[in-house]
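The structure appears below as structure tokens.
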Amino acid sequence: MEDDGTIGNDSVNVSAVDTSRPFRRADAVEAGLSPRDFRGSRFRRLFRGVYIDATRRPDRHDRIAAGLLLHPEGARASHLSAASLYGLPVPDHSDVHISVVDPKDRRWQPGLKPHVSPPGQGIRQVDGLPASEPIRMFVELASVLNLVDLVVVGDAMSRILGLRAGELRASLIKIRDYWSPAARAAAVFVRDEVDSPMESRLRMLLVLAGLPEPVINLKLRNGSGEVILRFELSYPAYKVAVEYEGRQHAESPQQWERDIDRREFLDRDGWRIVLVTARGIYNEPWRTLDRVVSTLRERGANLAVVSNDWRPFFPGRPSIRPA
């Protein structure tokens with residue numbers, strides 16, 4: 001018989017098992033299913049001892065729920081798994097991260113990343129599952145994400161969770177875990193009112209290159225105080241805006257018409273727009289920096305790229321990197 005992966009707290013007797021959600025094999029057998037039911041194609045195994053109905057295509061929430069079933073009460077989704085539950089933008093990952101207080105409560109399996117967390121940490125119910133509260137999660141993410149990816153998450157925490165950048169920094173001052181210095185270093189760059197992960201990346205490219213930090217979410221108003229235009233990133237003193245150009249601008253006729261009206265207004269008002277695509281961030285970041293610097297210089301700014309700190313985070317494609 002297969003090892004059922006049963007954990008410290010005893011299974012409770014149930015009269016039925018909802019197989020459309022992750023369930024423990026031991027609980028299902030206790031409820032009346034036969035061990036033979038698990039030898040065919042009726043159920044899909046998520047982890048050793050945890051299954052789901054084979055007709056259901058498990059998503060990330062199912063895998064996190066399955067990982068939690070293998071751990072004692074008090075365990076929580078953490079790190080990248082907690083961020084996924086919160087709907088925060090993190091790199092693609094397949095492992096489920098679970099944190100416990102007692103090292104002996106960790107359950108090691110392929111696809112599971114168990115962690116030991118300091119006692120007394122806050123737990124929040126997110127989409128029906130226990131997860132690290134946001135400040136704790138940010139510190140956890142400092143152990144698995146680089147600086148730019150962590151800033152992307154921090155910006156999104158303000159946008160999605162309502163956790164203001166100042167509140168994040170103030171809370172991190174009180175934490176003295178091993179990864180808290182890295183979390184505090186990233187939080188210095190976290191800002192409110194950032195609209196998208198790509199805007200965060202574009203801003204970090206400019207800042208890490210030593211350029212002045214652009215103004216975020218600048219609003220242009222008419223004489224009545226009504227907002228008529230808004231810039232993601234801008235240098236108002238030089239009337240230069242730097243904006244990420246997503247595919248939706250080209251694919252939506254309504255957006256295209258709005259963009260035309262917008263650009264006509266900007267031409268009349270003397271603004272210059274540097275549009276940056278994904279290629280300009282992931283493939284040719286040096287070209288993006290050249291374009292921004294050149295535009296600012298045309299407007300009278302005495303600026304240059306003065307730091308190579310951007311290079312580890314925006315390597316581009318070596319095959320097309322200029323000599």
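Index from 1, following the sequence. These values consider heavy atoms only, across backbone and side chains, with no hydrogens, waters or symmetry-generated copies. Every value quoted in this text rests on a predicted model; they were computed, and no experiment measured them.
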Worked check of side chain to side chain contact (heavy atoms under 4.5 Å, CB included) between Arg201 and Asp149:
CA-CA 8 Å; Arg201 294 186 184 281; Asp149 286 338; 2.8 Å; yes

With side chain to side chain contact (heavy atoms under 4.5 Å, CB included) as the test, would you mind laying out the steps for Arg136 and Val139 before giving the verdict?
CA-CA 5 Å; Arg136 164 54 45 188; Val139 176; 4.1 Å; yes

Got [X] and [Y] here, is their nearest side-chain heavy-atom distance under 4.5 Å?
| X | Y | value |
| --- | --- | --- |
| Pro91 | Leu145 | yes |
| Ile98 | Ser81 | no |
| Arg39 | Ser34 | no |
| Arg203 | Asp155 | yes |
| Arg63 | Phe47 | yes |

Could you walk me through whether Leu229 and Trp271 pass side chain to side chain contact (heavy atoms under 4.5 Å, CB included), step by step?
CA-CA 12 Å; Leu229 282 176; Trp271 280 82; over 6 Å; no

If you compare all heavy atoms of [X] against all heavy atoms of [Y], which two are closest, and at what distance to 0.1 Å?
| X | Y | answer |
| --- | --- | --- |
| Ile52 | Ser20 | CD1-O, 3.5 Å |
| Ser200 | Val152 | CB-CG2, 3.8 Å |
| Ala241 | Phe231 | CB-CD2, 3.7 Å |
| Pro236 | Leu218 | CG-CD2, 3.8 Å |
| Ile135 | Ser171 | CD1-CB, 3.8 Å |
| Leu112 | Gly67 | CD2-CA, 3.8 Å |

Does [Y] offer a backbone N or O that forms a donor-acceptor pair with the side chain of [X] under 3.5 Å?
| X | Y | value |
| --- | --- | --- |
| Arg176 | Ile173 | yes |
| Arg25 | Arg45 | no |
| Arg297 | Ala304 | no |
| Arg124 | Glu133 | no |
| Ser307 | Leu208 | yes |
| Ser158 | Ala165 | no |
| Arg42 | Asp37 | no |
| Asn146 | Val148 | yes |
| Glu243 | Glu232 | yes |

Hey, is [atom1] on [X] packed in by over 12 heavy atoms from elsewhere, all under 6.0 Å?
| X | atom1 | answer |
| --- | --- | --- |
| Arg21 | CZ | no |
| Arg287 | CZ | no |
| Arg57 | CZ | no |

In terms of side-chain geometry, is the basic nitrogen of Arg159 or Glu199 positioned less than 4.0 Å from the acidic oxygen of its partner?
no

Look at Arg230 together with Glu193 and state whether they make a salt bridge at an N to O cut-off of under 4.0 Å.
no

In Å, rounded to the nearest 0.5 Å, how long is the span from [atom1] of [X] to [atom2] of [Y]?
| X | Y | atom1 | atom2 | answer |
| --- | --- | --- | --- | --- |
| Arg291 | Leu296 | CZ | CG | 12.0 Å |
| Ser234 | Lys219 | OG | NZ | 10.5 Å |
| Arg56 | Thr19 | CZ | OG1 | 10.5 Å |
| Leu172 | Phe138 | CG | CZ | 6.5 Å |
| Glu298 | Tyr238 | CD | OH | 14.0 Å |
| Leu33 | Phe23 | CG | CZ | 6.5 Å |

Linking I/L/V/M/F/W/Y whenever any side-chain heavy atoms sit under 4.5 Å apart, do [X] and [Y] land together?
| X | Y | result |
| --- | --- | --- |
| Val101 | Leu68 | no |
| Leu141 | Tyr178 | yes |
| Val144 | Val116 | no |
| Trp286 | Val242 | yes |
| Ile64 | Ile123 | no |

Between Ser117 and Ser99, is there a side-chain donor-acceptor contact under 3.5 Å, judged purely by atom types and distance?
no

Enumerate the residue pairs fulfilling ring-ring contact (aromatic ring centres under 6.0 Å, His included) with a member in residues 188-208, sequence neighbours excluded, ordered by first and then second residue.
none

Relative to each other, are the rings of His97 and His115 parallel, tilted or perpendicular (30° and 60° limits)?
parallel

Report the C-alpha separation of Ser132 and Gln121 in whole Å, then their side-chain angles, then the decisive distance to 0.1 Å, and conclude whether the side chain to side chain contact (heavy atoms under 4.5 Å, CB included) test is met.
CA-CA 8 Å; Ser132 301; Gln121 302 303 315; over 6 Å; no

Residues two or more places apart in sequence or in another chain: which of them pass ring pair (Phe, Tyr, Trp, His ring centres under 6.0 Å) with His61?
none

Reference residue Val276; test side-chain contact (heavy atoms from CB on, under 4.5 Å); the match among Leu202, Leu206, Leu233
Leu202

cation_pi(Arg299, Tyr235) dist<6.0 Å, angle<=45
no

